[in-house]
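Right, one structure below, let's go through it.
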Amino acid sequence: MTEAPPLPRPPDAVLVHDWHPVITTTELATGKPVARRLLGEDLVIWSTEGRVHAWRDLCIHRGAKLSLGKVQGTCLQCPYHGWIYDETGACVKIPAHPDQKPPARAHTTTYECRVAYGWVWVCLSPSPTALPVFAEWEEAGVRRFNLGPYSMEAGGPRIIENFLDLAHLSVVHDGILGIEGKGEINRYNVEKGPEGVTATDIVVWQPDPDGSGQPAEAHYTYRVIRPLTAYLQKKAGTSVFSMLIVATPVEELRTHAWIAFTMRGADSATDAQLLEWTDRVFSQDKPVVQSQRPELLPLDLQAELHLNCDRTSIAYRQWLNELGVSFGTS
Amino acid sequence: MIDDPVLRNDWHAVARASALETGTVKPVRLLGVDLVIWKGGDDIQVWDDLCIHRGAKLSGGRVKDGCLMCPYHGWTYDESGACVTIPAHPSQKPPGRAHANVHPVRLAYDLVWTCLGEPAGDVPPFPEWDDPAYRSIHSGPYPFNALGPRVIENFLDVGHFPFVHAGYLGDPAHTEIEEYEARITPTGVIARDIPIWQPDPDGTGRAAKVLYTYEALRPLTARFTKAQGEQRFSMIDIVTPVDGEHSLAWAIMAMNYSHEVPAAQIVVFQDEVTLQDLPIVESQRPELLPLDLQAELHLRSDRTAIAYRQWLRQLGLKYGTA
């Protein structure tokens, strides 16, 4: 019987149970193992015969990185002394002593892995929460897009709060998601429960929300699904634009923001245009979010100034506080 | 300064002696200390890179009349380290305190060695250097984003030849390591006559089994001799502990054969081999070599590494270990 090494101590007791995207399925298709980092932990991601694996990026022999090695059949081979690990993470061959059975301790640390929405998601805990659902992705008749990851020198909570924020649409994204001078935010509805936060009945005046070339009202719904996963749906005319953002905490103040979005209708907006507009929006947010101080999101509501239009972010901070999220917050 | 009880009083290589012309002034780093190496006349000096006046780095200065002049206010120091001229008060004798912090210097194997404490012994031995039957060739120095003990253990390791150095020092079809002995001696660690199959050990294109004898001479200096018939290929690896994250590996090879092969060709081969090791050694975690033998997994073929770790523990080396 093989014994897996103990899991390292997690830096956050809440985020460790969540799923976090680390790589696109396309990048993994090269057949080489790839190094990624999650919650300060070095990971090696590799696949064989369509099955994906996420392990700690460490060979127990001399601590070398397995991500520098190679996939041999259905096994991963360490680059240093060629130790061969099968898909369960057990070392099955030590080339320096080929006739010997490798000791039980020769085993990698393995993590849970799922594939969804074009990405490989990893959970560092053996008891994960539910994988976020992005219902529109599975619907017939929608166009599907992936963007990112956007590498941000900022904490995940600041990035999610920026995604939820309405008052900056007509300022940072003037001409795309709002019009300067027409940025008043109406009184909208916010609900907070144990499963997350929902904000509805939001109306934003935008220069061309459905690609028809006409300014009009866009109607938004936002949801916070997990501490670092959020969703929005924008309805304008007959078009429905839905987006999932997942902020993967690489380190406490380094995040990879992953975007998946769908578009139903708005047929005059080409795929290239939709990608370019969305990419431009995130590129506009990046320097502003990276500039925010303190970097750690203050969960004490006295620490920063809040207005009526900030009710979604207030509820988000309260929810993070109730859950006990520490990574990226103070 | 990284005040390791063992390394403090050891000699450490900091420069190639023949690369230093008269008039050269250059900064180097050792155990986290910034040093200046300079040559005013025939002799090489190694001092703390600091002018006592306003703490400026002397390495930004220049040699003038056989002395080192600070770039800030021109304080001029002679080879003994004494400040002999302060330009702002040219007729005054500089105070006694106006003195550089001088370190002892030894030249060996065309390397400049220095010690930041009280030198307890001599530089590590390399008898091939003075042996007329051998040609000695320098390569490197190779900078590593890794600490000395991990670099030295990689140098002592043979199990990785068929993988990291496939086609150079080993072959994936010949991976088995036979039994060998490694032991701790009063002066270090020795593992004799380890048989290793190599695809082309002497450059003639013929595969053969050769015998490697490895020695650790100092915590951060190791050597091997590869024997094939009467041919001997020796190499010494001298690792300078630059600071808490970086090392510099100086390598000297000595051969009693193939004297007609251009030295540059041998250097190119060694550069390639080291470049193969570099990303692996830099990837190792933890960065500090675990001296507790339970912390990593060891095989019979790791005997030299096991003995090296036990020896470091006996010596009480703190730098680069856990």
Side-chain angles (χ1 to χ4, degrees), chain A residues 2-6 8-9 32-38 40-44 55-73 75-85 89-109, chain B residues 145-147 149-166 169-180 194-197 275-290 293-306 308-309 322:
Chain A
T2 53
E3 33 169 297
R9 245 192 80 239
K32 293 193 169 88
V34 185
R36 287 292 182 269
R37 201 161 161 79
L38 172 62
E41 184 72 20
D42 287 324
L43 302 177
V44 55
W55 295 349
R56 191 168 185 205
D57 196 2
L58 187 100
C59 176
I60 188 84
H61 181 212
R62 287 288 175 271
K65 283 189 152 65
L66 293 171
S67 56
L68 296 173
K70 54 181 153 179
V71 178
Q72 301 272 52
C75 294
L76 183 62
Q77 184 176 43
C78 179
Y80 204 175
H81 304 89
W83 287 28
I84 295 180
Y85 294 86
C91 177
V92 293
K93 180 151 174 196
I94 291 175
H97 305 284
D99 300 326
Q100 257 187 32
K101 189 172 176 320
R105 273 186 70 205
H107 204 293
T108 60
T109 304
Chain B
N145 287 333
L147 296 172
R150 281 287 193 199
V151 177
I152 290 292
E153 204 183 78
N154 164 260
F155 181 85
L156 296 170
D157 178 88
V158 295
H160 71 286
F161 287 178
F163 302 100
V164 182
H165 308 303
L169 304 179
D171 189 281
H174 293 81
T175 60
E176 188 164 4
I177 306 290
E178 296 172 42
E179 291 288 321
Y180 68 91
I194 305 170
I196 301 286
W197 186 97
L275 222 60
Q276 289 168 339
D277 281 314
L278 195 75
I280 305 234
V281 174
E282 291 187 342
S283 86
Q284 286 178 278
R285 299 291 179 271
E287 292 93 322
L288 303 178
L289 192 74
L293 291 175
Q294 307 282 358
E296 289 182 340
L297 218 39
H298 307 282
L299 309 170
R300 290 195 318 280
S301 44
D302 293 324
R303 286 213 164 89
T304 318
I306 293 166
Y308 174 61
R309 293 185 190 199

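The chains referred to below are lettered A, B, ... by the order of the sequence lines, with proteins before strands, and numbering in each begins at 1.
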ask   = So what's closer than 4.5 Å to chain A heavy atoms on B:R300: side chain, backbone, both or neither?
value = both
task = Mind ranking A:D42, A:L68, A:D99, A:D57 by heavy-atom pairs under 4.5 Å with chain B and telling me who comes out on top?
result =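 Option with the top pair count is A:L68.
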message = Looking only at heavy atoms and a cut-off of under 4.5 Å, which of A:G69, A:A35, A:G82 has the most pairs with chain B?
response =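 Maximum pair count with chain B is reached by A:G82.
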Looking at every heavy atom in both [X] and [Y], which two are closest together, and how far apart are they?
{"X": "B:T175", "Y": "A:P95", "value": "OG1-O, 2.7 Å"}
{"X": "A:Y80", "Y": "B:F163", "value": "O-CB, 3.6 Å"}
{"X": "A:H61", "Y": "B:L297", "value": "CD2-O, 3.0 Å"}

query = Does B:H174 have any ring pair (Phe, Tyr, Trp, His ring centres under 6.0 Å) partners at least two apart in sequence or in another chain, and if so, which?
reply = B:W197
inquiry  = Less than 4.5 Å to any heavy atom of chain B: does that hold for the side chain of A:I60, its backbone, both, or neither?
reply    =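 Interface part for A:I60: both.
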Residues 275-283 of chain B, side-chain donor-acceptor partners within the protein, below 3.5 Å, at least two apart:
| unit_1 | atom_1 | unit_2 | atom_2 | d |
| --- | --- | --- | --- | --- |
| B:Q276 | OE1 | B:H165 | ND1 | 2.7 |
| B:D277 | OD1 | B:N154 | ND2 | 3.1 |
| B:D277 | OD1 | B:H160 | NE2 | 3.2 |
| B:D277 | OD1 | B:H165 | NE2 | 3.1 |
| B:D277 | OD2 | B:H165 | NE2 | 3.1 |
| B:E282 | OE2 | B:N145 | N | 2.7 |
| B:S283 | OG | A:K65 | N | 3.0 |
| B:S283 | OG | B:I280 | O | 2.9 |

ask   = Are any of the side-chain nitrogens in B:D302 or A:R62 under 4.0 Å away from the carboxylate oxygens of its partner?
value =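 Looking at B:D302 and A:R62, the cut-off is met.
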inquiry  = A side-chain contact here means heavy atoms from C-beta on lying under 4.5 Å apart; do B:D157 and A:H81 qualify?
reply    =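 They are in side-chain contact.
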ask   = Do any N or O atoms from the side chain of A:H97 and from the backbone of B:S301 form a donor-acceptor pair under 3.5 angstrom?
value = yes
remark   = In this structure, CZ of A:R105 is separated from NE2 of B:H298 (nearest 0.5 Å) by 8.0 Å
